[in-house]
Amino acid sequence: MAQSGAQKLRSLLGGPDILVCPVVADPLMARLSQEAGFPLALLGGFGIAAIGFAMPDTGLIDFTEVVTAVHNTCAANPGYPIIADGDTGYGNAMNVRRTVQEFARAGAAVILIEDQVWPKKCGHYGGKREVISRDEARLKVRAAVEARNASGSDMLILARTDGRSAIGFDEAMARCEAFAAEGADIIFAEALETEAELREFGRRFKQWKLANMMPKTPVKSRAELKAMGFNIVTYNVLFHAAIAAMQQTLQALKADDMKSAPPLAAFDEVTRLVGLNDYMTMEQRYKVG
C-alpha cells in the first residue's frame, strides 16, 4: 500500500534535513512544487482567498470553501504531503474537532490551527493581531489532537500562535509551551521579529518547528534555520511571482509587444501538467469500435 502524505512527512521530519515548503494556492501550484522536487507544500488561506475569490486573507472565505480547496489539491496530487491551513478551526473547540475530521477526509497531511480571534487576518498584514485567551487556545489544540486520534487518522497537528504580534514574545512562547503539552506535533510562532527570537524559539522546544520567511520575520538561510532547530521553512513566493508575470504579460499584450513579455510555458507543457496525455491514453480504453 502506498504511503499517505502524513506518513511520508513523518519520515522526512525524522531525517537530518530542513524541509523547504513552498506556499501554494491551488492544485496546479502544488503539482508544480512536487515536480520541482519540494518534499511538501502548504496550502495557505492567503492564496486560496486571492486566487479563488480575489479577496484578502481576512476571514472572508468559509469552512466549506477551504475544505473544497484542500480536497481538490490533495486529490490532484495523491500522496504528496500538503499542510492545509485550517485558520482558527472556524469556531470553538467543537468546531475545531469537525474541521480536523474533514481535513483528514480531504487528504491533508497536516492541519494548521491558530489562536487568532475570528475573523482572522494574515499574520504579516499591518496592524496588531487579536488572539483568544491562552486557555481557549490550549483547548482548541486539545480538541484537534483528540479528534485526530479518535478518527484513526495519521494527520499531524500544527499549532500556530499569533501571540507575538498581539501581546508579545513571552506570551507567544507560553502559548507554544501549552500547545506542546497538549500534543501538537509541529509548533509555529508566527511573525517573530528578530534573529534572537528565532533562536530562542528554536532552542526551547523539542517538537518539530516551522519558520515562515515573510515580511515581519528576518530572512535567514536554511543552514542558519536548521542550526537554530527548525525542521520546516515556508516561502510564500509562487503567488507573488505569478502575479508579476501576469501583469508583465498583460502589459506586453496591450502594447502589442509580446517580445517584452516573460517567457511563456509551451502549450504542450500546459497540457502535460493538467494530465491531458494520461486522459487521452485512458480514453482509448472506452472507445467503441
Side-chain angles (χ1 to χ4, degrees), residues 4-6 9 21-34 40-78 80-125 129-132 137 140-141 143-145 147-148 151 153 155-162 184-186 188 190 210 212 214 232 234 236 238-240 242:
S4 69
L9 183 55
C21 177
V23 178
V24 302
D26 58 26
L28 188 59
M29 284 188 189
R31 181 168 294 174
L32 288 166
S33 297
Q34 183 177 26
L40 75 166
L42 191 158
L43 179 63
F46 184 97
I48 295 172
I51 291 289
F53 303 92
M55 290 180 176
D57 183 18
T58 54
L60 294 171
I61 56 175
D62 67 24
F63 166 73
T64 302
E65 290 163 339
V66 175
V67 170
T68 298
V70 174
H71 173 270
N72 290 344
T73 300
C74 294
N77 303 279
Y80 185 48
I82 297 293
I83 300 175
D85 187 354
D87 285 331
T88 66
Y90 305 98
N92 62 18
M94 293 302 294
N95 295 99
V96 167
R97 287 185 63 91
R98 180 166 183 238
T99 300
V100 166
Q101 292 163 354
E102 294 301 330
F103 273 44
R105 290 191 187 104
V110 183
I111 182 170
L112 184 157
I113 297 291
E114 64 190 69
D115 62 354
Q116 281 196 46
V117 170
W118 188 264
K120 57 78 50 111
K121 294 182 175 65
C122 170
H124 291 264
Y125 285 171
R129 302 283 78 81
E130 293 185 56
V131 292
I132 59 179
K140 280 193 174 187
V141 175
V145 171
R148 185 270 312 276
S151 69
S153 168
M155 184 173 67
L156 291 89
I157 307 299
L158 194 169
R160 159 181 158 173
T161 181
D162 283 74
D185 302 290
I186 307 170
F188 173 26
E190 175 66 296
L210 182 147
N212 186 22
M214 283 282 281
I232 303 171
T234 58
N236 194 357
L238 282 182
F239 175 54
H240 302 266

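A quick note: this is a predicted structure, and the numbers were derived from the prediction, not measured.
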Ala69: which residues meet the side chain to side chain contact (heavy atoms under 4.5 Å, CB included) condition with it, sequence neighbours left out? Leu43, Ile48
Determine, for Lys120 against Asp162, whether the closest basic-nitrogen to carboxylate-oxygen distance falls under 4.0 angstrom. no
Please name all residues satisfying ring pair (Phe, Tyr, Trp, His ring centres under 6.0 Å) with Phe53, sequence neighbours left out, ordered by chain then number. none
Are any of the side-chain heavy atoms of Asn212 and Glu190 separated by less than 4.5 Å? yes
Looking at every heavy atom in both Ile113 and Gly86, which two are closest together, and how far apart are they? CD1-O, 4.1 Å
At what distance, to the nearest 0.5 angstrom, does CD1 of Ile132 lie from CH2 of Trp118? 12.5 Å
Just do the side-chain contact (heavy atoms from CB on, under 4.5 Å) check on Leu112 and Val110 with the steps written out, would you? CA-CA 7 Å; Leu112 184 157; Val110 183; 5.8 Å; no
Rounded to the nearest 0.5 Å, the CG atom of Leu42 sits from the CG atom of Leu210 at a distance of 7.0 Å
Closest non-hydrogen contact found for Arg148 with Asp185 is NH1-OD2, 3.1 Å
Which pair of non-hydrogen atoms, one from Glu65 and one from Ile61, has the smallest distance, and what is that distance? OE1-CA, 3.3 Å
Contact summary for Thr58 and Pro119, nearest pair of heavy atoms: O-CB, 3.5 Å
Would you call Val67 and Thr64 a side-chain contact if the rule is heavy atoms closer than 4.5 Å? no
Point-to-point distance, once rounded to the nearest 0.5 Å, from CG of Asp26 to CD1 of Ile51: 6.0 Å
With side-chain contact (heavy atoms from CB on, under 4.5 Å) as the criterion, how do Phe239 and Val23 come out once you've worked through the C-alpha distance, each side chain's angles and the decisive distance to 0.1 Å? CA-CA 8 Å; Phe239 175 54; Val23 178; over 6 Å; no
Closest non-hydrogen contact found for Pro81 with Gly5 is CG-O, 3.4 Å
Not counting sequence neighbours, which residues clear side chain to side chain contact (heavy atoms under 4.5 Å, CB included) with Cys74? List them please. Val70, Ile82
Value rounded to 0.5 Å, distance of OG in Ser4 from CG in Leu9: 9.5 Å
On a heavy-atom basis, which atom in Gly89 and which in Thr99 lie closest, and how many Å separate them? O-OG1, 2.9 Å
Counting only N and O atoms by type, is there a donor-acceptor contact under 3.5 Å from the side chain of Arg31 to the main-chain atoms of Ala76? yes
side-chain contact (heavy atoms from CB on, under 4.5 Å), that's the test. Do Met214 and Asn236 meet it? Break it down for me. CA-CA 7 Å; Met214 283 282 281; Asn236 194 357; 3.6 Å; yes
Using 30° and 60° as the class limits, which term best fits the ring planes of Phe103 and Phe63: parallel, tilted or perpendicular? parallel
Just how far is it from atom CD1 of Ile83 to atom OG1 of Thr234, taken to the nearest 0.5 Å? 7.5 Å
Is there a side-chain contact between Ile186 and Ile157 (heavy atoms, below 4.5 Å)? no
For a 4.5 angstrom cut-off between non-hydrogen side-chain atoms, does Arg160 reach Gln116? yes
At what distance, to the nearest 0.5 angstrom, does CD1 of Ile111 lie from CD of Gln101? 10.0 Å
Going through the checks in order, is the side-chain contact (heavy atoms from CB on, under 4.5 Å) test met by Ser33 and Leu40? CA-CA 8 Å; Ser33 297; Leu40 75 166; over 6 Å; no
